[in-house]
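Data block below; observations after.
Here the structure is a predicted model, which means the values were calculated and not measured. Throughout, a chain's letter reflects where its sequence line sits, starting with A, and its residues are numbered from 1.
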Amino acid sequence: MLDSVASVRDFAFAARETSALPIRFEAVTFAAGPTRILHGVDVTLVPGSPTVLMGPNGCGKTTLLKLAMGLLTQIGGAITFAGGPAPAGSRAIVFQKPIMLRRTAAANVAYALRAAGKPADEANVRRLLDLAQIAPLAARPARRLSGGEQQRLALARALACEPQVLLLDEPTSSLDPASTKLVEDIIAQVSASGIKVVMATHDIGQARRLAGDVVFLAKGRLIEHAAADRFFNDPVSEEARSFLAGNLVI
Amino acid sequence: MDGATAFDLILSGDRTLFAIVRLSLTVTVLATLLAAVVAMPLGAAVALTRFPFRNVVIVVLNGLMGLPPVVVGLMVFLMLSRSGPLGEMGILFTPTAMTIAQAILVAPIIAALTRQLIEDLWTEYRDELTAMEVGPIGRVQTLLWDARFSLVTILLAGFGRAAAEVGTVMIVGGNIDGFTRVMTTTIALETSKGNLPLAIGLGIVLIALILAVNALAWSVREWAERHAG
Ligand SMILES: Nc1ncnc2c1ncn2[C@@H]1O[C@H](COP(=O)(O)OP(=O)(O)OP(=O)(O)O)[C@@H](O)[C@H]1O
Ligand SMILES: [Mg+2]
């Protein structure tokens, strides 16, 4: 664990610009064919502690992250980064089910470095693998790694471009408790280094540990956006109250 | 008894048999490579671009995989015959004509399989590559590289089809002794003449070759799985 702290410090996240923040969603509506998935979401994400997206299955968390990443296009409204389009290389994402390239773990990281126009030398690759504590797996075919190992590799890959905004879609959903702790530590450090983390999670404990603010969605609508303390101790909406109480919200 | 004579022919390195096998291999390998040079980029292009009537193109491409060899032979024959549009070239009944005809036969197979392969891989990679802001050229390079082992398998499938085929080479090659006679046409001819030892010998060689090609395909896949996932 100490190792990872050291390696994060080594990793030059210094001198972050924030030309991609704040991220402003204005009346963002999204549909797939005839199905409305997001209904006029208005939310502004500011620099600082991680923003955590919460809400029941199918509420639109993944969709919101993909919109923020520019992988989907809203049918209404606008998404702006510091008032304009996102600068090149300012965003990175770890998907709920990351896809590994048909190469070794190290080659996956090297690929991401090259794609970001960063030197893909061994030291750089090594640093990112160390950060995610998967250096011993460097030479293994990435697609043969376990789900949890792949998620950590995906995190290393996402950090290769030294993003300003890191979008994480349930980054610990297939991790054991130790790896979850490890990834949470990395997220906390990445966030402390000035990278804006926006993450979806179902893990209320994790949200409590990491969140600065919580965006709560249900059925494609923004129900609540509040500071984490407020949200967990005194949720305003009925939906959030029952969600936190462990009731099914559908 | 014929079987024993056939093995004698193979083991003694019979000159006729050797020449026939060599011509077969040359024509088939060249035809497969020629087809691949055109069909692989074409397949990849269809996979990665959207244009009107794309679905029609895909259906036609898939349909062409089942082109009857004799019809391809006939088409190429008509093109290359003295009175045909390319008759001037005077290559009918030469190994060149056979190579071209087999390339035409195999190209749709390579194009259709490449299209499917690259399109499936793109569907899988799209979000990750887009998120990494990989440009169009980088995308194509990545897809071709990550599909490399499957592309080799596709090449071998094309090779197998060409190697086993009789109709096209018979029509455009003419099965001329010592010049355009290949394994399959010799087997057909010698069988009808009752010269079974040579036919059987060639049959054995042909099957061995096709088995070897499949073994190669299998080991390429196996190796790829272990080293690149
Ligand atoms: N391409 C699509 N076509 C049709 N419906 C879709 C499509 N993509 C998403 N949906 C639907 O939109 C809704 C929101 O999906 P999304 O993946 O954003 O949910 P989520 O909040 O991430 O859920 P989970 O917690 O299960 O990951 C779901 O009901 C889903 O079925
Ligand atoms: Mg999701």
Side-chain angles (χ1 to χ4, degrees), chain A residues 62-63 65-73 85-118 120 137 139-146 149-150 153-154 157-161 163 165-169, chain B residues 36 40-41 43-44 47-50 54-55 113-157 216-229:
Chain A
T62 297
T63 305
L65 289 171
K66 284 190 173 178
L67 283 163
M69 192 65 215
L71 298 172
L72 297 173
T73 309
S90 61
R91 297 168 289 182
I93 189 166
V94 175
F95 294 104
Q96 206 165 350
K97 296 193 195 88
I99 301 294
M100 296 297 127
L101 302 182
R102 288 161 172 74
R103 304 155 194 240
T104 62
N108 265 270
V109 173
Y111 183 91
L113 283 165
R114 273 195 304 276
K118 310 270 186 233
L137 307 175
R140 300 258 297 272
R143 299 167 72 86
R144 289 289 178 92
L145 299 178
S146 77
E149 290 161 349
Q150 291 193 12
L153 178 56
R157 215 169 51 177
L159 288 169
C161 73
V165 178
L166 180 62
L167 307 165
L168 305 172
D169 199 354
Chain B
M40 280 192 174
L48 298 175
T49 51
R50 296 289 173 270
R54 181 172 177 273
N55 289 339
L113 294 178
T114 302
R115 202 272 312 161
Q116 190 69 56
L117 172 69
I118 297 294
E119 195 165 319
D120 290 349
L121 196 59
W122 174 234
T123 307
E124 195 187 340
Y125 280 11
R126 177 171 37 216
D127 279 351
E128 296 280 6
L129 297 191
T130 310
M132 287 191 248
E133 300 180 2
V134 178
I137 294 172
R139 285 174 192 179
V140 174
Q141 284 174 344
T142 305
L143 292 169
L144 291 177
W145 178 255
D146 280 28
R148 62 199 180 279
F149 299 113
S150 306
L151 287 172
V152 169
T153 312
I154 290 176
L155 266 187
L156 295 176
L216 188 64
W218 184 84
S219 40
V220 162
R221 276 222 153 268
E222 196 64 9
W223 187 89
E225 290 273 295
R226 241 175 306 115
H227 294 267

Check your understanding: About how many Å separate CE of Met69(A) and CD of Glu133(B), when rounded to the nearest 0.5 Å?
Key -> 6.0 Å
Review point. How close do Asp127(B) and Leu71(A) get, heavy atom to heavy atom, and via which atoms?
Key: O-CD2, 3.8 Å
Point to revise | Contact origin within Ala158(A) toward chain B - heavy atom pairs under 4.5 Å | key: neither
Check your understanding: Are there residues of residues 146-155 of chain B that reach to under 4.5 Å of chain A by heavy atoms, and which ones?
Key -> Asp146(B), Arg148(B)
Check your understanding: At a heavy-atom separation under 4.5 Å, does Ala92(A) approach chain B through its side chain, its backbone, both, or neither?
Key -> neither
**Study point:** Distance in Å, Leu143(B) CG paired with Arg102(A) CZ, rounded so as to fall on 0.5 Å steps
**Key:** 9.5 Å
Practice item. Give, as side chain, backbone, both or neither, the part of Arg157(A) having an atom under 4.5 angstrom from any heavy atom of chain B. Key: side chain
Point to revise | Approximate separation, where rounding is to 0.5 Å, of Tyr125(B) OH and Ile99(A) CD1 | key: 8.5 Å
**Study point:** Tyr111(A) versus Met132(B), closest heavy-atom pair with distance
**Key:** CD2-SD, 3.9 Å
Point to revise | Test item: Lys66(A) and Thr130(B) side chains (from C-beta on) under 4.5 Å apart, heavy atoms | key: no
Check your understanding: If you count heavy-atom pairs under 4.5 Å with chain B, which of Cys161(A), Ala116(A), Ala88(A) comes out on top?
Key -> Ala88(A)
